[in-house]
K.L.:
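Below are the structure tokens for one structure; questions will follow.
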Number of protein chains: 2
Amino acid sequence: MNIDRRSGCPINLSLEVFGDRWSLIILRDMIFGGRRHFRELLNFSLEGIASNILADRLKRLMALGLLTKADDPSHKQKAIYSLTEMAITLVPIMAQLGAWGRVWLPVTEELSIRAELLEKGGPPLWEQFMDELRHEHLGAPSRTPPGTPTVRQQLRAAYEAVVERKAEELRLIKTEA
Amino acid sequence: MNIDRRSGCPINLSLEVFGDRWSLIILRDMIFGGRRHFRELLNFSLEGIASNILADRLKRLMALGLLTKADDPSHKQKAIYSLTEMAITLVPIMAQLGAWGRVWLPVTEELSIRAELLEKGGPPLWEQFMDELRHEHLGAPSRTPPGTPTVRQQLRAAYEAVVERKAEELRLIKTEA
DNA sequence: CAATCCGATTGCATTTTGCAATCAGTTGCA
DNA sequence: TGCAACTGATTGCAAAATGCAATCGGATTG
């Protein structure tokens, strides 16, 4: 995962950022799953990332300017990862990727609820969601009127159940062994 | 490059299709550069793909349903590769990827002309371009009125000069050695 | 008939990945 | 106080993917 430049083409450079099997998965879990800690990303990843790869990618994404890291005041050893504006603006790409996958790939219905919501909401919904992310990760003022259901809430509801089930499975396997 | 499924999440499945360093580069050169032959992809790739990797990826993209291969009537040994509808609908993703890269990455101005055009044209332009691709690769009837400049022509003009320069460089290095 | 072009394939060194075990420091609870 | 559980990682090692150069047999061109 070296950061060399093969060419100055925008698509190529984008690929050099997340043209690997894990970077975008991590960003997906942070953006849509609300993960902020190492252990959350490790244990609640549907795809089961290895801890060394996760550590490496977090470091790399920080070097590239997509993430920042800060101490969690509640725990001296905890680190809290935040999305930068650079990462937040990946939302439209994620939405397109999800929409394409939903059409052409053997997606699980449960897991494509998020992609469906993003697709139906279109760019206005993406913008609202990005604002919410800016509020959570960059401390920007919230533009959502109080009482309004956030995009985040809508996105997570169904998904969390699946992820939780998966995490439970993994815990069982671990205790059996 | 095995085709296993880590999860049924649309974003994950999409990543398993082109979450590597080369698949999307090849598709980019076919979609925007009009490459149809092995040698074209090999010698006119800005990034310099190796022939074994190219062969492997073409095979893989065919297995995944993104490309088809046919004999070129003009030459018994030539194979002509075509985009499927599945690949053509990647245009919006490519456009988003290019737009994002243009904002956040150190793109070369020359090489970002394409991304800029796609961005300015927006979804209507993407649609027109996709129709042109369907015409060229799937034999669909052309919807573009005769005499109208195609998106393809606009996209290629500036880019080809850069690629040609690069190919010339490579030829020089080869003859020197 | 020789040089060149065609889509690949082979062999080999290097890099990346996946997996399990482990680390030292921190915290919660009895 | 003591100890288990949890924190973000790191290490060692085998397997897989990649990059590179050389090469293949057949087809075409001059």
Side-chain angles (χ1 to χ4, degrees), chain A residues 1-4 6-7 15-16 18-26 30 35-45 47-62 67-82 167 170-171 173-177, chain B residues 1-7 15-16 18-26 30 35-45 47-63 67-82 167 170-171 173-177:
Chain A
M1 269 301 117
N2 56 333
I3 307 176
D4 58 338
R6 299 181 301 182
S7 88
L15 269 179
E16 290 184 17
F18 33 70
D20 77 286
R21 273 223 169 346
W22 292 111
S23 299
L24 212 60
I25 293 288
I26 294 169
M30 289 190 66
R35 314 292 175 216
R36 306 290 295 262
H37 300 287
F38 190 94
R39 291 280 158 171
E40 285 178 342
L41 287 163
L42 190 67
N43 296 329
F44 297 93
S45 156
E47 290 83 12
I49 190 170
S51 66
N52 54 348
I53 308 272
L54 176 58
D56 177 80
R57 291 305 186 281
L58 287 173
K59 204 179 290 178
R60 187 167 179 275
L61 290 171
M62 283 190 284
L67 299 180
T68 57
K69 180 174 155 180
D71 292 338
D72 186 328
S74 78
H75 189 303
K76 282 192 182 169
Q77 252 183 333
K78 262 186 178 169
I80 188 159
Y81 292 92
S82 298
L170 290 175
R171 274 195 293 273
I173 290 163
K174 208 173 175 182
T175 47
E176 273 168 12
Chain B
M1 268 303 115
N2 55 334
I3 307 176
D4 58 339
R5 284 170 209 162
R6 299 182 300 182
S7 88
L15 270 179
E16 289 183 17
F18 33 70
D20 77 287
R21 276 238 181 324
W22 293 111
S23 300
L24 212 59
I25 293 288
I26 293 169
M30 290 190 65
R35 315 291 176 216
R36 306 288 296 262
H37 300 288
F38 192 92
R39 291 280 159 171
E40 286 177 341
L41 288 163
L42 190 65
N43 297 329
F44 298 93
S45 157
E47 291 83 11
I49 190 170
S51 66
N52 55 347
I53 308 274
L54 176 58
D56 177 80
R57 290 305 186 280
L58 288 173
K59 203 179 289 176
R60 188 167 178 274
L61 290 172
M62 283 189 284
L67 298 181
T68 57
K69 179 175 156 181
D71 291 337
D72 186 328
S74 78
H75 188 304
K76 281 191 182 171
Q77 253 183 330
K78 264 186 178 168
I80 188 160
Y81 291 92
S82 299
L170 291 175
R171 275 195 294 272
I173 291 165
K174 208 174 175 183
T175 47
E176 273 167 14

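Keep in mind that the numbers below use all heavy atoms, side chains included, and drop hydrogens, waters and symmetry copies. Order of the sequence lines fixes the chain letters, A, B, ..., with proteins taken first and strands second; residue numbering starts at 1 for each chain. All of these numbers come straight from a predicted model, not from anything done at the bench.
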K.L.:
For A/Leu61, give me all partners under side-chain contact (heavy atoms from CB on, under 4.5 Å), at least two apart in sequence or on another chain.
P.N.:
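Per chain and number, A/Leu61 pairs via side-chain contact (heavy atoms from CB on, under 4.5 Å) with A/Ser23, A/Ile26, A/Leu27, A/Leu66, A/Leu67.
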K.L.:
Does C/dT16 have its OP1 or OP2 closer than 4.0 Å to a side-chain nitrogen or oxygen of A/Trp22?
P.N.:
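Looking at the OP1 and OP2 atoms of C/dT16, neither is under 4.0 Å from any side-chain N or O of A/Trp22.
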K.L.:
Compare side-chain N and O positions of B/Lys78 against OP1 and OP2 of C/dA8 and report whether any pair is under 4.0 Å apart.
P.N.:
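Answer no for this pair, as no side-chain N or O of B/Lys78 is under 4.0 Å from OP1 or OP2.
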K.L.:
Considering the terminal five base pairs at each end of the helix from C/dC1-D/dG30 to C/dA30-D/dT1, what angle separates the two local helix axes, rounded to 10°?
P.N.:
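Inter-axis angle at the ends, rounded: 10°.
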K.L.:
Mind checking side-chain hydrogen bond (donor to acceptor under 3.5 Å, both in side chains) for A/Arg36 and listing every partner two or more places apart, or none if nothing turns up?
P.N.:
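Applying side-chain hydrogen bond (donor to acceptor under 3.5 Å, both in side chains) to A/Arg36 gives A/Ser82.
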K.L.:
Whether B/Arg57 contacts D/dT18 is assessed here as follows: a side-chain N or O lying under 4.0 Å from the phosphate OP1 or OP2. Is that the case?
P.N.:
yes
K.L.:
Nearest whole angstrom, please: distance from the C1' of D/dA9 to the CG of A/Leu58.
P.N.:
10 Å
K.L.:
Would you find more than 12 non-hydrogen atoms of other residues, nucleotides or ligands less than 6.0 Å from B/Asp72 atom CG?
P.N.:
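Above 12, so yes.
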K.L.:
Within the sub-3.5 Å range, which N or O atoms of nucleotides 26-29 of chain C have a protein N or O partner, and how far apart are they?
P.N.:
{"residue": "C/dT26", "atom": "O4'", "partner": "A/Gln77", "partner atom": "OE1", "Å": "3.0"}
{"residue": "C/dT27", "atom": "OP1", "partner": "A/Lys76", "partner atom": "N", "Å": "2.9"}

K.L.:
Rounded off to whole Å, could you give me the CZ-to-C1' distance for the A/Arg35 and D/dG8 pair?
P.N.:
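After rounding, the gap between these two atoms is 17 Å.
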K.L.:
Excluding sequence neighbours, so at least two apart, what forms ring-ring contact (aromatic ring centres under 6.0 Å, His included) with A/Phe18?
P.N.:
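A/Phe18 satisfies ring-ring contact (aromatic ring centres under 6.0 Å, His included) with B/Trp100 only.
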K.L.:
Could you give the CD-to-C1' distance, from B/Glu40 to C/dC5, as a whole number of Å?
P.N.:
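These atoms are roughly 13 Å apart.
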K.L.:
Can you find a side chain N or O atom of B/Arg39 that sits less than 4.0 Å from OP1 or OP2 on C/dG7?
P.N.:
yes
K.L.:
Assess the residue pair B/Phe38 and B/Leu58 against the criterion (side chain to side chain contact (heavy atoms under 4.5 Å, CB included)); give the C-alpha distance rounded to whole Å, side-chain angles, the decisive distance to 0.1 Å, and a yes or no.
P.N.:
CA-CA 9 Å; B/Phe38 192 92; B/Leu58 288 173; 3.7 Å; yes
K.L.:
Could you list the protein-to-nucleotides 9-14 of chain C atom pairs, N/O on both sides, closer than 3.5 Å?
P.N.:
{"residue": "C/dT9", "atom": "O4", "partner": "B/Ser51", "partner atom": "OG", "Å": "2.7"}

K.L.:
Between atom CG in B/Asp20 and atom C1' in D/dA16, what is the gap in whole Å?
P.N.:
14 Å
K.L.:
Starting from P on C/dG7, measure out to NE2 on B/His37 and report it in whole angstrom.
P.N.:
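It is 7 Å, rounded to the nearest whole Å.
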